[in-house]
Amino acid sequence: MDILIDIILKAGRTAVDLSLFVLLPVMVVMLSLMRLLEARGALDWLVARLTPALRPFGLTGLGVFAALQINFVSFAAPLATLTMMEQRGTSDRHLAATLAMVFAMAQANVVFPMLTMGLAFGPTLVFSLLGGLTAAATTYYLFGRRLSCAEATLDETLHHPVADNAKGVLDVINRAGAEAFKIAIGAIPMLVLSLVAVTALKRFGVIDLITAALAPLLGPAGIDPVLVLPSLTKYLAGGTAMMGVVDDLRRAGQLSVELLNASAGFLISPLDLVGIAVLIAAGRRVAAVWKPAALGACIGIALRTLGHLLWT
């Protein structure tokens with residue numbers, strides 16, 4: 001019992017520290033910036049100019065907006081956009097391409113806090129965009145080619161608050177701060193539970209057994225065994241939980257900055273049990289196309305993984 005209590009307390013301290021002193025301040029600044037740009041019309045301007053170039057990848061204007069949200073707000077931000085796309089009559093084929101893109105990209109709520117751990121922002125963003133576009137195109141032209149192309153007359157107007165005076169700016173910042181606080185606090189339960197599970201597995205030698213069993217496969221492939229733990233955590237408990245494990249490994253000197261950047265391609269994305277569950281809640285038709293979207297996302301993530309390995 002003493003061992004369990006010790007594990008719980010350590011996991012709680014780590015989760016609170018990561019959520020309140022790393023995730024919260026970073027997300028307050030980034031969300032405030034993004035919401036101000038949105039309210040000032042800068043994102044509308046950017047979406048309008050990017051959409052014609054990205055239509056060949058199977059993306060609509062709202063799909064482009066979802067790409068900006070996943071990269072600069074959080075993994076859950078495109079949820080509202082996907083819901084809007086479904087309600088406004090976007091075709092199943094375009095929905096699948098957009099969902100695949102979101103699955104394959106690097107989510108801001110993990111990327112920005114991990115910059116404090118040594119993650120390189122520029123390459124991560126570039127490979128995220130390349131991987132997302134590859135996932136969208138692969139889904140649109142290959143995995144989702146048999147999906148319905150029937151589409152209603154689309155209203156792609158982006159409805160959001162405006163900030164045309166000082167009060168409007170303060171309102172936007174306050175809403176962004178509340179949104180960031182909700183994200184940070186909401187991350188604590190999953191972080192605590194996942195860190196307790198991971199720490200217990202480590203303490204009782206389960207991770208060592210799994211690593212030893214995989215060693216014959218990892219060695220020839222040139223994969224560092226230390227990545228087994230964050231990989232299992234990421235795909236079972238989500239990106240935020242993986243971030244907590246990576247932070248622990250980094251503090252213990254087991255994970256270098258070079259290895260973090262080399263593995264960012266497959267560690268940082270919403271394609272995991274938690275991410276899939278959240279994003280397919282956008283609507284019935286979104287949930288119906290998650291399989292072709294996930295297949296396309298795997299291609300995009302493979303490209304990102306290769307890009308990070310070659311870059312490092």
Side-chain angles (χ1 to χ4, degrees), residues 1-32 73-76 106-121 124 176-211 224-261 263-264 266-270 272-275 277-278:
M1 182 58 72
D2 289 342
I3 295 176
L4 180 60
I5 294 298
D6 181 61
I7 289 172
I8 292 172
L9 292 178
K10 181 182 177 183
R13 283 192 294 268
T14 301
V16 170
D17 180 68
L18 188 61
S19 294
L20 297 185
F21 300 106
V22 177
L23 182 59
L24 179 59
V26 170
M27 293 309 296
V28 165
V29 173
M30 291 309 303
L31 275 172
S32 296
V73 182
S74 78
F75 90 98
Q107 66 268 46
N109 59 295
V110 173
V111 170
F112 289 118
M114 289 186 75
L115 297 182
T116 64
M117 304 176 195
L119 182 67
F121 177 66
T124 301
E179 189 178 351
F181 189 78
K182 182 178 179 180
I183 291 172
I185 296 301
I188 292 178
M190 182 59 73
L191 270 174
V192 172
L193 292 173
S194 59
L195 288 174
V196 166
V198 167
T199 305
L201 292 174
K202 285 174 63 179
R203 184 74 65 90
F204 296 115
V206 176
I207 297 298
D208 292 336
L209 289 174
I210 295 174
T211 303
D224 194 316
V226 77
L227 293 175
V228 171
L229 181 56
S231 298
L232 285 174
T233 306
K234 182 261 183 298
Y235 287 100
L236 293 177
T240 307
M242 176 276 298
M243 181 170 61
V245 172
V246 166
D247 190 48
D248 266 359
L249 293 173
R250 182 185 62 88
R251 291 174 186 271
Q254 296 177 275
L255 186 70
S256 65
V257 171
E258 291 76 16
L259 184 56
L260 170 61
N261 281 286
S263 59
F266 68 89
L267 283 182
I268 306 177
S269 76
D272 49 55
L273 293 179
V274 175
V278 169

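These numbers come from a predicted model, not from an experiment.
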Residue pair Arg203, Asp6: steps toward the side-chain contact (heavy atoms from CB on, under 4.5 Å) verdict: CA-CA 11 Å; Arg203 184 74 65 90; Asp6 181 61; 3.2 Å; yes

Verdict with reasoning, Val246 to Met114, per side-chain contact (heavy atoms from CB on, under 4.5 Å): CA-CA 9 Å; Val246 166; Met114 289 186 75; 3.8 Å; yes

Steps toward side-chain contact (heavy atoms from CB on, under 4.5 Å) verdict (Val192, Val16): CA-CA 8 Å; Val192 172; Val16 170; 5.8 Å; no

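Taking CD of Gln254 as the reference point, atom CG of Leu259 lies at 11.0 Å (rounded to 0.5 Å). Interatomic distance, Leu9 CG to Ile5 CD1, rounded to the nearest 0.5 Å: 6.5 Å. Atom OG1 of Thr124 is separated from atom CG of Leu119 by 3.5 Å, given to the nearest 0.5 angstrom. Between the NZ atom of Lys234 and the OG1 atom of Thr240 there is a distance of 9.5 Å, given to the nearest 0.5 Å.
The minimum heavy-atom distance linking Ala120 with Leu115 is given by the pair C-CD2, 4.4 Å. The two residues Met242 and Leu267 have their closest heavy-atom pair at CE-O, 3.3 Å. Heavy-atom minimum distance, Val196 versus Ile8: CG2-CA, 4.0 Å.
Residues that satisfy the side chain to side chain contact (heavy atoms under 4.5 Å, CB included) test with Leu232, not counting sequence neighbours, are Ile207, Ile210, Val228. For Arg13, there are no side chain to side chain donor-acceptor pair (under 3.5 Å) partners, not counting sequence neighbours. Legend: residues meeting salt bridge (charged side-chain N to carboxylate O under 4.0 Å, His left out) with Asp17, ordered by chain and number and at least two apart, are Arg251. Scanning for side chain to side chain contact (heavy atoms under 4.5 Å, CB included) contacts around Pro25 gives an empty result, with sequence neighbours left out. Scored by the side chain to side chain donor-acceptor pair (under 3.5 Å) test, Asp224 finds no partners at all (sequence neighbours excluded). With sequence neighbours excluded, the residues that form a side chain to side chain contact (heavy atoms under 4.5 Å, CB included) with Tyr235 are Phe266, Asp272. Thr116 is linked by a side chain to side chain contact (heavy atoms under 4.5 Å, CB included) to Val22, counting only residues two or more places apart in sequence or in another chain.
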Please list every donor-acceptor pair under 3.5 Å in which a side-chain atom of residues 106-113 meets a protein atom from a residue at least two apart or in another chain.
residue: Gln107; atom: OE1; partner: Ser269; partner atom: N; Å: 3.1
residue: Gln107; atom: NE2; partner: Ser269; partner atom: O; Å: 3.4
residue: Asn109; atom: OD1; partner: Phe75; partner atom: N; Å: 3.0

